Amino acid sequence: MSKQQLPVLTTCCAPISEAALEPAQAADGAAVFKALADPIRLRLMSIIASAGDEICVCDITPQFDVSGPTISHHLKVLRAAGLVDCERRGTWVYYWPIPERLTWLSTLLSVPATA
């Protein structure tokens with residue numbers, strides 16, 4: 001695991017279509033939405049989440065027309081929002097999604113089925 005302290009979501013919330021968020025939940029959600037509001041970060045998130053278990057940064061960087069340091073910055077933002085985590089192995093860093101965070105986001109935005 002990384003040495004960075006990730007935000008910990010201790011409780012899930014009701015969908016916003018059913019109940020208003022508490023201030024702390026709104027702050028958590030805003031941090032996630034802010035992180036995903038950038039097209040590069042949204043694409044990075046989709047690449048990492050769809051990779052299965054984990055993916056090496058060496059496999060991510062060539063998929064973009066921006067520099068390696070720019071990709072590193074965007075990955076740092078995703079980590080700070082608690083969406084991904086990583087581990088350095090030798091020269092390379094491997095990333096994986098945080099399932100609990102994605103579940104939280106999914107629950108937050110879910111809409112009840114109409115009968």
Side-chain angles (χ1 to χ4, degrees):
M1 294 295 268
S2 70
K3 295 178 183 174
Q4 179 183 1
Q5 195 63 261
L6 296 174
V8 177
L9 300 173
T10 56
T11 61
C12 191
C13 58
I16 58 175
S17 61
E18 295 178 7
L21 292 172
E22 295 294 325
Q25 293 170 327
D28 280 342
V32 172
F33 287 120
K34 185 175 181 180
L36 293 174
D38 182 90
I40 291 176
R41 289 194 290 266
L42 183 58
R43 188 160 173 242
L44 277 168
M45 190 67 226
S46 71
I47 290 168
I48 294 167
S50 66
D53 187 27
E54 61 186 22
I55 186 168
C56 179
V57 72
C58 62
D59 296 322
I60 297 171
T61 305
Q63 299 186 47
F64 293 88
D65 292 330
V66 296
S67 68
T70 299
I71 295 296
S72 293
H73 163 74
H74 288 300
L75 289 167
K76 181 180 175 182
V77 172
L78 292 174
R79 286 184 60 217
L83 291 164
V84 300
D85 201 1
C86 67
E87 177 180 74
R88 177 172 293 282
R89 297 182 199 149
T91 304
W92 300 112
V93 179
Y94 290 80
Y95 288 86
W96 57 87
I98 306 296
E100 298 83 8
R101 189 62 143 176
L102 297 178
T103 300
W104 185 88
L105 185 59
S106 168
T107 300
L108 181 70
L109 296 176
S110 66
V111 177
T114 56

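We count residues from 1, following the sequence as given. For clarity, every value in this text was computed on a predicted model and none was experimentally measured.
Between D85 and R79, some side-chain heavy-atom pair lies under the 4.5 Å cut-off.
Note that the CZ atom of F64 and the CD1 atom of I40 stand 6.5 Å from one another [nearest 0.5 Å]. Here OG1 of T103 is found 12.0 Å from CG of L108. Values are rounded to the nearest 0.5 Å. In this structure, the separation between CD1 on I48 and CG on L75 is 5.0 Å, given to the nearest 0.5 Å. Expressed to the nearest 0.5 Å, how far CD of E18 lies from OG1 of T107 amounts to 10.0 Å.
In this structure, W104 and Q25 approach most closely via the heavy-atom pair CH2-O, 3.6 Å. Summarising the geometry of C86 relative to V93, their closest heavy-atom pair is CB-CG1, 3.6 Å, with the distance given to 0.1 Å. Shown here for L78 and L44, the closest heavy-atom pair between the two residues is CD1-CB, 3.8 Å. A81 and A35 get closest at one heavy-atom pair: CB-CB, 3.6 Å. Taking each heavy atom of P97 and L102 in turn, the nearest pair found is CB-CD1, 3.9 Å. Listed here is the closest heavy atom pair of S50 and S46: OG-O, 2.7 Å.
Applying the side chain to side chain contact (heavy atoms under 4.5 Å, CB included) test to T70 and every residue at least two apart in sequence or in another chain returns V66, S67, H74. For E22, there are no salt bridge (charged side-chain N to carboxylate O under 4.0 Å, His left out) partners, not counting sequence neighbours. Take C56 and apply the side chain to side chain contact (heavy atoms under 4.5 Å, CB included) test, not counting sequence neighbours, and it matches C58, D59, W92, Y94. With sequence neighbours excluded, the residues that form a side chain to side chain contact (heavy atoms under 4.5 Å, CB included) with T61 are V57, I71. V32 is linked by a side chain to side chain contact (heavy atoms under 4.5 Å, CB included) to L36, L83, R101, L105, counting only residues two or more places apart in sequence or in another chain.
Looking at R43, its side chain does come within 3.5 Å of a backbone N or O of Q63 through a donor-acceptor pair.
Within the structure, the salt bridge (Lys or Arg N to Asp or Glu O under 4.0 Å) test picks out the following pairs touching residues 45-56 (sequence neighbours left out): E54-R89.
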request  = Show your reasoning for whether side chain to side chain contact (heavy atoms under 4.5 Å, CB included) applies to H73 and R41.
outcome  = CA-CA 10 Å; H73 163 74; R41 289 194 290 266; 4.2 Å; yes
